[in-house]
Amino acid sequence: MSATHGEVRAALEAERAAARERAAALERELASALEVAAEGAADDEHDPEGSTTAFERAQVAAVLGQVRERLALLSDALRRLDEPGFGRCERCGLPIAAGRLAARPWATTCIACAAAGSPHRPGRR
């Protein structure tokens with residue numbers, strides 16, 4: 001891996017901090033939308049070209065779920081960073097390319113295994 005341990009940790013921590021901020025903003029947005037709906041002030045009727053408030057709440061909730069999932073992946077990667085084997089594919093055991101770890105520092109599989117959905121066998125096709 002060409003990135004140093006410290007660089008990978010810094011990238012993971014920065015990404016986690018950004019994801020936490022995004023999650024907090026989405027939680028505030030969702031809470032506000034739910035509060036308005038609970039007050040009965042939300043008009044769920046919509047312009048045929050627009051979306052309903054219920055649909056918009058569902059979208060925010062879905063994005064929030066994705067951000068929370070990423071937070072879990074980042075926290076898990078930070079935990080694994082100090083373990084032997086970090087940067088190796090959990091399926092085939094080969095090193096994960098530095099470029100993949102730079103783009104997705106939480107990656108647990110090499111590109112070949114991620115693409116195939118199963119371990120690849122080096123030298124076998």
Side-chain angles (χ1 to χ4, degrees):
M1 178 166 57
S2 62
T4 68
H5 186 83
E7 290 170 335
V8 173
R9 180 175 299 286
L12 286 166
E13 288 175 348
E15 179 101 18
R16 187 171 64 170
R20 282 181 173 158
E21 288 178 24
R22 178 76 172 133
L26 288 166
E27 287 167 352
R28 286 189 301 272
E29 184 178 342
L30 186 58
S32 177
L34 292 172
E35 184 178 314
V36 168
E39 292 172 357
D43 180 10
D44 218 16
E45 293 300 315
H46 61 47
D47 168 19
E49 308 215 0
S51 60
T52 66
T53 56
F55 178 75
E56 290 169 2
R57 285 190 307 269
Q59 283 186 310
V60 171
V63 172
L64 178 57
Q66 292 169 349
V67 171
R68 286 178 175 159
E69 185 176 320
R70 176 168 285 193
L71 273 168
L73 291 170
L74 291 164
S75 294
D76 183 57
L78 279 163
R79 179 192 53 76
R80 288 184 295 105
L81 185 61
D82 294 322
E83 295 176 357
F86 181 83
R88 290 200 159 287
C89 179
E90 69 180 14
R91 292 184 179 169
C92 70
L94 293 175
I96 298 171
R100 178 161 170 78
L101 285 176
R104 297 179 60 103
W106 58 86
T108 59
T109 57
C110 66
I111 292 171
C113 286
S118 63
H120 71 279
R121 303 286 190 268
R124 293 181 173 209
R125 297 238 171 208

Going hydrophobic residue to hydrophobic residue with side-chain gaps under 4.5 angstrom, can you get from Val8 over to Leu74?
yes
Atom CZ in Arg68, atom CD in Glu27: separation rounded to 0.5 Å?
4.5 Å
What heavy-atom pair brings Arg57 and Leu30 nearest, and what distance separates the two atoms?
O-CD1, 3.8 Å
In short, Cys110 meets Pro95 closest at the heavy-atom pair CB-O, 4.4 Å
Common cluster, Phe55/Val60, ILVMFWY with side-chain heavy-atom separation under 4.5 Å
no
Return all side-chain donor-acceptor pairs below 3.5 angstrom for residues 10-22, not counting sequence neighbours, or 'none' if the list is empty.
{"unit_1": "Glu15", "atom_1": "OE2", "unit_2": "Arg70", "atom_2": "NH1", "d": "2.9"}

Between CD1 of Ile96 and CZ of Arg88, what distance do you get to the nearest 0.5 Å?
9.5 Å
Over all atoms of both residues, closest heavy-atom pair of Leu71 and Ala23:
CD1-CB, 4.2 Å
With a 3.5 Å cut-off and sequence neighbours excluded, list the donor-acceptor pairs that the side chains of residues 98-108 form with protein atoms.
{"unit_1": "Arg100", "atom_1": "NE", "unit_2": "Thr109", "atom_2": "O", "d": "2.7"}
{"unit_1": "Arg100", "atom_1": "NH2", "unit_2": "Thr109", "atom_2": "O", "d": "3.4"}
{"unit_1": "Thr108", "atom_1": "OG1", "unit_2": "Glu90", "atom_2": "OE2", "d": "3.4"}

